[in-house]
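To start, the structure itself, in structure tokens.
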Protein chains: 2
Amino acid sequence: MRSYGQFCGLARALDVVGDRWSMLIVRELLLQGPARYTDLKNGLPGIATNLLVDRLRELEEAGVVTHQDAKPPVATALFKLTPWGEQLRPIVLALGRWARPLMGKQARADHVRAHWLALPLESMLVDRSPKQRPIRIELRPMRAGKPMLLETHEGRVRVRTSDGEPADAVLSGPADVIIALLAGRIGLATARARRLRVRGHARVLRRIGPASDTRLSA
Amino acid sequence: MRSYGQFCGLARALDVVGDRWSMLIVRELLLQGPARYTDLKNGLPGIATNLLVDRLRELEEAGVVTHQDAKPPVATALFKLTPWGEQLRPIVLALGRWARPLMGKQARADHVRAHWLALPLESMLVDRSPKQRPIRIELRPMRAGKPMLLETHEGRVRVRTSDGEPADAVLSGPADVIIALLAGRIGLATARARRLRVRGHARVLRRIGPASDTRLSA
DNA sequence: CAGCATCCGCTTTGATACTG
DNA sequence: CAGTATCAAAGCGGATGCTG
């Protein structure tokens with residue numbers, strides 16, 4: 001991208017991460033941690049291969065991303081965020097929250113990846129009974145790749161890739177319905193009417209819900 | 001911009017404000033408040049007029065911006081942010097702070113506008129002696145248009161356009177030197193060596209300095 | 001297969017000129 | 001002042017091909 005050529009912090013930031021796809025690459029690295037080129041490509045449906053390469057190089061040049069060229073066990077390079085790049089996390093979260101009014105309905109043609117759910121869910125949900133035994137809910141959004149596991153941890157909610165361990169409940173269906181249900185915007189009956197399938201102990205769902213404080217925070 | 005077509009909050013946000021120039025238009029409206037087309041253009045050096053029009057329309061369509069078509073006294077339309085658009089303020093501030101490592105030196109060709117200084121200064125500085133009488137410092141960065149007035153208010157620092165009222169001190173010179181001096185990164189001697197001119201009571205400068213808490217906050 | 005590089009048609013951007 | 005109109009250049013998306 002051409003530089004804006006403005007002596008202004010925002011303009012400088014956008015010189016670095018304002019290119020098309022750049023912020024989404026940061027999102028992937030925030031969600032996936034160190035990732036291979038192919039993992040990034042899978043998490044960025046719609047990107048052209050040459051653009052992914054270009055952006056990674058630009059971000060590396062700017063100091064947002066580094067790549068390690070190959071450790072003995074894995075035969076491939078890993079891309080990761082620098083500490084400075086990591087500091088984009090609250091900004092990425094805040095932008096996602098700002099866009100919540102746009103997340104109501106999932107368009108038919110929208111791409112979905114299960115790990116994207118970690119962004120809204122972790123920043124929105126809390127465990128209402130943190131004293132009780134932790135719960136685990138497997139999330140299987142439709143056409144969204146690998147399932148994710150939502151678990152409670154010290155009052156917070158964490159979402160990570162599932163390694164197939166048994167969960168208290170399994171939710172399958174459209175991603176927007178899963179989010180609306182967990183956020184408490186719709187009930188179980190409505191969710192089922194919108195094609196959600198629930199296996200396991202549905203009552204654990206009551207354990208989690210939106211935090212009262214919805215404002216910006218680190 | 002083409003939609004990313006991803007069911008993800010960040011992607012949705014970037015569908016709205018991820019276009020080139022869009023965020024900078026938001027910056028101008030945050031800094032200027034309701035503004036005329038020409039005020040926006042002056043605050044966005046480098047933008048093409050057709051792009052400014054296109055972006056304003058897209059932002060309006062998305063619900064970030066509105067324009068009022070002409071109130072009796074002024075003969076021209078005013079553009080302003082919607083409440084939803086206003087909510088981008090902490091994000092714009094956070095991006096500007098994130099880019100602080102890039103703000104060290106001002107390139108020769110960089111555009112500067114005095115009102116841009118409000119972003120780093122207001123988010124970084126505090127009044128160290130809030131009990132004492134408020135102070136006022138006029139800022140006259142080089143080739144940066146209208147001077148701004150920095151004033152203390154209840155422990156915080158505010159920067160607004162100067163209406164020519166007398167100030168305790170007047171700082172003229174390169175914008176980066178003004179920032180570095182106020183941030184306490186350089187002393188008065190160094191600042192003078194870097195072409196800063198000070199008129200008035202330089203000692204009021206000691207009243208303000210960087211807050212200890214530099215983290216993200218609303 | 002992972003990690004690119006190259007090519008090509010299309011869209012977006014930028015610079016300038018022009019208009020009510 | 002507040003935009004339109006025009007057009008060349010740059011950027012993007014998609015396909016394909018190459019290399020270890």
Side-chain angles (χ1 to χ4, degrees), chain A residues 1-6 11 14-25 28-29 32 34-61 65-80 109-111 145, chain B residues 1-6 11 14-25 28-29 32 34-62 65-80 109 111 145:
Chain A
M1 177 186 278
R2 298 183 40 144
S3 166
Y4 286 106
Q6 298 185 357
L14 294 176
D15 283 345
V16 173
V17 293
D19 263 323
R20 188 157 167 80
W21 293 107
S22 295
M23 278 280 224
L24 296 182
I25 290 172
E28 286 305 307
L29 291 169
Q32 297 191 29
R36 296 174 305 169
Y37 181 89
T38 310
D39 299 328
L40 293 176
K41 188 143 175 28
N42 287 337
L44 295 163
I47 198 173
T49 77
N50 55 342
L51 277 191
L52 180 51
V53 174
D54 287 354
R55 292 295 178 271
L56 282 169
R57 281 208 232 289
E58 291 165 10
L59 289 171
E60 185 162 7
E61 174 123 13
V65 163
T66 55
H67 75 134
Q68 292 169 327
D69 239 338
K71 286 207 171 172
V74 257
T76 178
L78 289 180
F79 296 89
K80 55 182 290 205
D110 272 348
H111 301 276
Chain B
M1 179 185 279
R2 296 183 43 140
S3 165
Y4 286 107
Q6 298 186 357
L14 294 176
D15 283 345
V16 173
V17 293
D19 263 324
R20 190 158 167 78
W21 293 106
S22 294
M23 278 280 227
L24 295 183
I25 292 172
E28 285 306 306
L29 290 170
Q32 297 192 28
R36 296 175 304 168
Y37 182 89
T38 309
D39 299 327
L40 293 175
K41 190 145 176 25
N42 287 336
L44 295 162
I47 199 173
T49 78
N50 55 344
L51 276 192
L52 179 51
V53 174
D54 287 354
R55 292 294 177 271
L56 282 169
R57 281 207 234 288
E58 291 164 10
L59 290 171
E60 185 162 7
E61 175 125 12
V65 163
T66 55
H67 75 131
Q68 293 170 326
D69 237 341
K71 285 205 172 173
V74 256
T76 179
L78 289 180
F79 295 89
K80 55 182 292 203
H111 301 277

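Keep in mind that what you see is a predicted model, and the values were worked out from it rather than measured. A, B, ... follow the sequence lines: proteins, then strands. Residue 1 opens every chain.
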Quiz item: Between B:Arg36 and D:dG3, does any side-chain N or O lie under 4.0 Å from OP1 or OP2?
Solution: no

Exercise. Would you classify B:Asp54 as touching base, sugar-phosphate or nothing, given that sugar-phosphate means primed atoms plus P, OP1 and OP2, and contacts are heavy atoms under 4.0 Å?
Key: nothing

Quiz item: Is a side-chain N or O of B:Tyr4 found less than 3.5 angstrom from the main chain of A:Leu44, in a donor-acceptor match?
Solution: no

Could you go over nucleotides 17-20 of chain D and give all protein N or O partners under 3.5 Å, atom names and distances?
none

Quiz item: Counting side-chain heavy atoms from CB outward, which of C:dA15, D:dG13, D:dG3 is closest to A:Arg2?
Solution: C:dA15

Exercise. Search all heavy atoms of B:Leu40 against all heavy atoms of B:Leu52 and return the closest pair with its distance.
Key: CB-CD2, 4.2 Å

Quiz prompt | Test item: B:Gln32 side-chain N/O and B:Asp39 main-chain N/O as donor-acceptor pair under 3.5 Å | solution = yes

Exercise. Kindly say whether B:Arg20 contributes a backbone atom to a donor-acceptor pair with the side chain of B:Arg55 at under 3.5 angstrom?
Key: yes

Self-check item: Given D:dA15, D:dG13, D:dG3, the nucleotide with the shortest approach to the side chain of A:Thr49
Solution: D:dA15

Quiz item: So which nucleotide from C:dA15, D:dC1, C:dC4 ends up closest to the side chain of B:Thr38?
Solution: D:dC1

Self-check item: Nearest-neighbour nucleotide for the B:Asn50 side chain, C:dA15, C:dT6, D:dG3 considered
Solution: C:dA15

Quiz item: Please give, in whole Å, the distance from C:dT11 C1' to B:Tyr4 OH?
Solution: 15 Å

Practice problem: Locate the shortest heavy-atom distance separating A:Leu59 from A:Ser22; write the atom from each residue and the value. | Solution: CD1-O, 4.1 Å

Quiz item: Out of D:dG14, C:dG14, D:dC12, which nucleotide sits closest to the side chain of A:Ala48?
Solution: D:dG14

Exercise. Using the closest heavy atom to pick a nucleotide of DNA chain C for each, name whichever of B:Ile47 or A:Leu56 lands nearer the 5' end.
Key: A:Leu56

Quiz prompt | Phosphate OP1/OP2 of D:dC12: any A:Trp21 side-chain N/O under 4.0 Å | solution = no

Quiz item: Please give, in whole Å, the distance from D:dA15 C1' to A:Leu52 CG?
Solution: 16 Å

Quiz item: Is the A:His67 ring parallel, tilted or perpendicular to the A:Phe79 ring (thresholds 30°, 60°)?
Solution: parallel

Quiz item: For the side chain of B:Arg57, counting heavy atoms from C-beta on, which of C:dA5, D:dG14, D:dT4 is nearest?
Solution: D:dT4

Exercise. Using atom NE2 of A:His67 as one end and atom P of C:dA2 as the other, report the distance to the nearest whole Å.
Key: 18 Å

Quiz item: Does a nitrogen or oxygen in the side chain of A:Arg55 sit under 4.0 Å from OP1 or OP2 of D:dC12?
Solution: yes

Quiz prompt | Rounded distance in Å - CG (B:Leu44) to P (C:dA15) | solution = 14 Å

Quiz item: Nearest heavy-atom pair of B:Glu28 and B:Gly43: which atoms, and what distance?
Solution: OE2-O, 3.1 Å

Quiz item: Whole Å only: how far is the CG atom of A:Asp39 from the P atom of C:dC4?
Solution: 13 Å

